Asks: 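Next up is a structure, given as structure tokens.
Everything numeric in this text was worked out from a predicted model, so none of it was measured.
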Amino acid sequence: VRTSHLQVAAFALGTVGWILCTVSMGLVEWRVWHVDNTTVISSGIAWVGIWKVCFISYLHVSPGYKEEFCHKLSGYDSSIPHEIYAAQGLLLIAMLLGLLGLAATVFGLRNVYMGTTRKALITRFFLVGGCFYVFAGLCVLIPVSWNFYSVTHNQSIPFPPSYYMPSSPAAQEAGAAIPVGIVAAILLLLSGTFSLSYRFPVTTNAL
């Protein structure tokens, strides 16, 4: 048990990382667009996520009230950039891999705390869990970095007219989902490193 403290930390960090990965995927604030034309986008700010785009509009509502309009990103729309589609797929894979990593770590810790002396079984669980964590972290880091690169270079997106979005913003900045995703990736990679570092204790027979 005394040799598995890092693996307990791996489980804790992996759990938090997996939760933050899920949060990042669900947030619409991946890119924050500032637009000059406020005819439709009344607040002058639109949020571009990996599943939908949203903005506040005062059209067709009573004065003093605001309404949030969202449009789901269609998988058949070729105008949507590759980094958004990559984020959709890779984050779903990361969620699955992170969950498998947590399960493997739980089984490994269960065997440790139950006093199982089967070295190959315990080591294998931590090895598999560590690999799952590392791959999950990479699956988060790639789309987050890719989208952050697009934000810093102020890349435009040719949205169809039905989206009521301009093709390019006056300026854009990284939304909350990107730092959350970066933290999730770091925690998952650390969790994988800790899990892979497990070494079964060597016992010596006293003479």
Side-chain angles (χ1 to χ4, degrees), residues 13 15-99 136-189:
L13 293 177
T15 301
V16 177
W18 184 80
I19 293 173
L20 291 179
C21 170
T22 306
V23 171
S24 176
M25 185 174 64
L27 289 174
V28 72
E29 297 90 355
W30 277 72
R31 307 185 193 184
V32 180
W33 279 27
H34 298 272
V35 299
D36 294 328
N37 189 347
T38 58
T39 303
V40 177
I41 305 176
S42 304
S43 62
I45 296 177
W47 301 279
V48 181
I50 62 174
W51 303 106
K52 59 184 178 180
V53 295
C54 296
F55 55 84
I56 301 297
S57 179
Y58 296 107
L59 294 178
H60 308 299
V61 293
S62 301
Y65 290 88
K66 59 183 179 180
E67 184 175 349
E68 184 179 59
F69 286 90
C70 293
H71 199 295
K72 292 184 178 180
L73 299 179
S74 173
Y76 302 100
D77 195 342
S78 59
S79 65
I80 305 304
H82 297 300
E83 61 267 28
I84 289 181
Y85 287 133
Q88 292 177 351
L90 288 175
L91 286 178
L92 286 174
I93 294 173
M95 283 187 60
L96 176 60
L97 292 177
L99 194 60
L138 292 175
C139 285
V140 176
L141 186 60
I142 291 172
V144 167
S145 302
W146 194 355
N147 280 274
F148 182 71
Y149 174 85
S150 299
V151 169
T152 55
H153 287 72
N154 199 29
Q155 293 185 356
S156 60
I157 302 176
F159 288 109
S162 60
Y163 282 61
Y164 300 106
M165 287 282 292
S167 60
S168 60
Q172 64 177 302
E173 60 190 35
I178 289 182
V180 170
I182 291 174
V183 174
I186 292 173
L187 292 180
L188 288 169
L189 291 173

Asks: Give a yes or no answer on whether the side chain of Q88 reaches the backbone of I50 with a donor-acceptor pair at less than 3.5 Å.
Replies: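 Yes; at least one donor-acceptor contact below 3.5 Å.
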
Asks: Of all heavy-atom pairs between G175 and V32, which one has the smallest distance, and what is that distance?
Replies: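 Heavy atoms of G175 and V32 come nearest at CA-CG2, 3.8 Å.
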
Asks: Could you state the interatomic distance from CD1 (I93) to CG (L138), rounded to the nearest 0.5 Å?
Replies: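 Nearest 0.5 Å value for the CD1-CG distance: 12.0 Å.
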
Asks: SG/C139 to CG/L91 distance, rounded to the nearest 0.5 angstrom?
Replies: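 The distance works out to 8.5 Å.
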
Asks: How close do G181 and V144 get, counting heavy atoms only, and between which atoms?
Replies: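 G181 and V144 have their closest heavy atoms at CA-CG2, 3.9 Å.
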
Asks: Using the rule given for side chain to side chain contact (heavy atoms under 4.5 Å, CB included), can you reason through L96 versus L92, listing the C-alpha separation, both sets of side-chain angles and the distance that settles it, and then say yes or no?
Replies: CA-CA 6 Å; L96 176 60; L92 286 174; over 6 Å; no

Asks: What residues, two or more places apart in sequence or in another chain, satisfy side chain to side chain donor-acceptor pair (under 3.5 Å) together with W33?
Replies: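 Side chain to side chain donor-acceptor pair (under 3.5 Å) check on W33 returns Q172.
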
Asks: Under the rule for side chain to side chain contact (heavy atoms under 4.5 Å, CB included), what residues qualify as partners of L20, not counting sequence neighbours?
Replies: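 L20 satisfies side chain to side chain contact (heavy atoms under 4.5 Å, CB included) with V16, V180, V183, A184, L187 once adjacent residues are dropped.
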
Asks: Hey, does F159 have a side-chain heavy atom less than 4.5 Å from the side chain of V48?
Replies: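 Contact flag for V48/F159 side chains = yes.
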
Asks: Who are the side chain to side chain contact (heavy atoms under 4.5 Å, CB included) partners of Q155, not counting sequence neighbours?
Replies: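 Expected list: E83, Y149, S150, H153.
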
Asks: Looking at residues at least two apart in the chain, or sitting in another chain, which of them share a ring-ring contact (aromatic ring centres under 6.0 Å, His included) with H34?
Replies: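 ring-ring contact (aromatic ring centres under 6.0 Å, His included) check on H34 returns nothing, list empty.
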
Asks: Can you name the closest pair of heavy atoms from A170 and N154 and give their distance?
Replies: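 Heavy-atom minimum between the residues: O-ND2, 4.3 Å.
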
Asks: Is M95 close to M25 at the side-chain level, that is, under 4.5 Å between some pair of heavy atoms?
Replies: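 Yes. Closest side-chain heavy atoms under 4.5 Å.
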
Asks: Report yes if some heavy atom in the side chain of V28 is under 4.5 Å from a heavy atom in the side chain of C70; otherwise report no.
Replies: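 Side-chain contact under 4.5 Å: no.
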
Asks: Enumerate the salt bridge (charged side-chain N to carboxylate O under 4.0 Å, His left out) contacts for residues 145-164, please, sequence neighbours excluded, ordered by first and then second residue.
Replies: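 Found none.
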
Asks: If you apply the rule side chain to side chain contact (heavy atoms under 4.5 Å, CB included), what do you find for Y163 with V53, and how did you get there?
Replies: CA-CA 8 Å; Y163 282 61; V53 295; 3.8 Å; yes

Asks: Apply the test side chain to side chain contact (heavy atoms under 4.5 Å, CB included) to residues I56 and I45: give CA-CA distance (whole Å), side-chain angles for both, the deciding distance (0.1 Å), then the verdict.
Replies: CA-CA 8 Å; I56 301 297; I45 296 177; over 6 Å; no

Asks: Run the side chain to side chain donor-acceptor pair (under 3.5 Å) test against N37 and tell me which residues pass, sequence neighbours left out.
Replies: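 N37: side chain to side chain donor-acceptor pair (under 3.5 Å) contacts with T39.
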
Asks: When you measure from the side chain of S24 to the backbone of A177, do you find a donor-acceptor pair of N or O atoms at a distance under 3.5 Å?
Replies: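 Yes: the side chain of S24 pairs with the backbone of A177.
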
Asks: Shortest non-hydrogen contact from W30 to P143?
Replies: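 Heavy atoms of W30 and P143 come nearest at CZ3-O, 4.2 Å.
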
Asks: Quick one: pull up CG in L13 and CG in L188 and give me the separation to the nearest 0.5 Å.
Replies: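 It comes to 9.0 Å.
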
Asks: Does L141 offer a backbone N or O that forms a donor-acceptor pair with the side chain of W146 under 3.5 Å?
Replies: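 No.
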
Asks: If you compare all heavy atoms of S57 against all heavy atoms of S42, which two are closest, and at what distance to 0.1 Å?
Replies: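 Of all heavy-atom pairs spanning S57 and S42, the closest is CA-OG, 3.4 Å.
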
Asks: Are any of the side-chain heavy atoms of I41 and M165 separated by less than 4.5 Å?
Replies: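 Yes, side chains in contact.
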
Asks: Any donor and acceptor pair, going by atom type alone, linking the side chain of S167 with main-chain N or O of I157 inside 3.5 Å?
Replies: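 No.
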
Asks: Is the shortest side-chain heavy-atom distance between I84 and L73 below 4.5 Å?
Replies: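 Heavy-atom side-chain distance check passes, below 4.5 Å.
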
Asks: Minimum heavy-atom separation for W47 and F55, please, with both atom names.
Replies: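 Looking at all heavy atoms of both residues, the shortest contact is CZ3-CA, 3.9 Å.
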
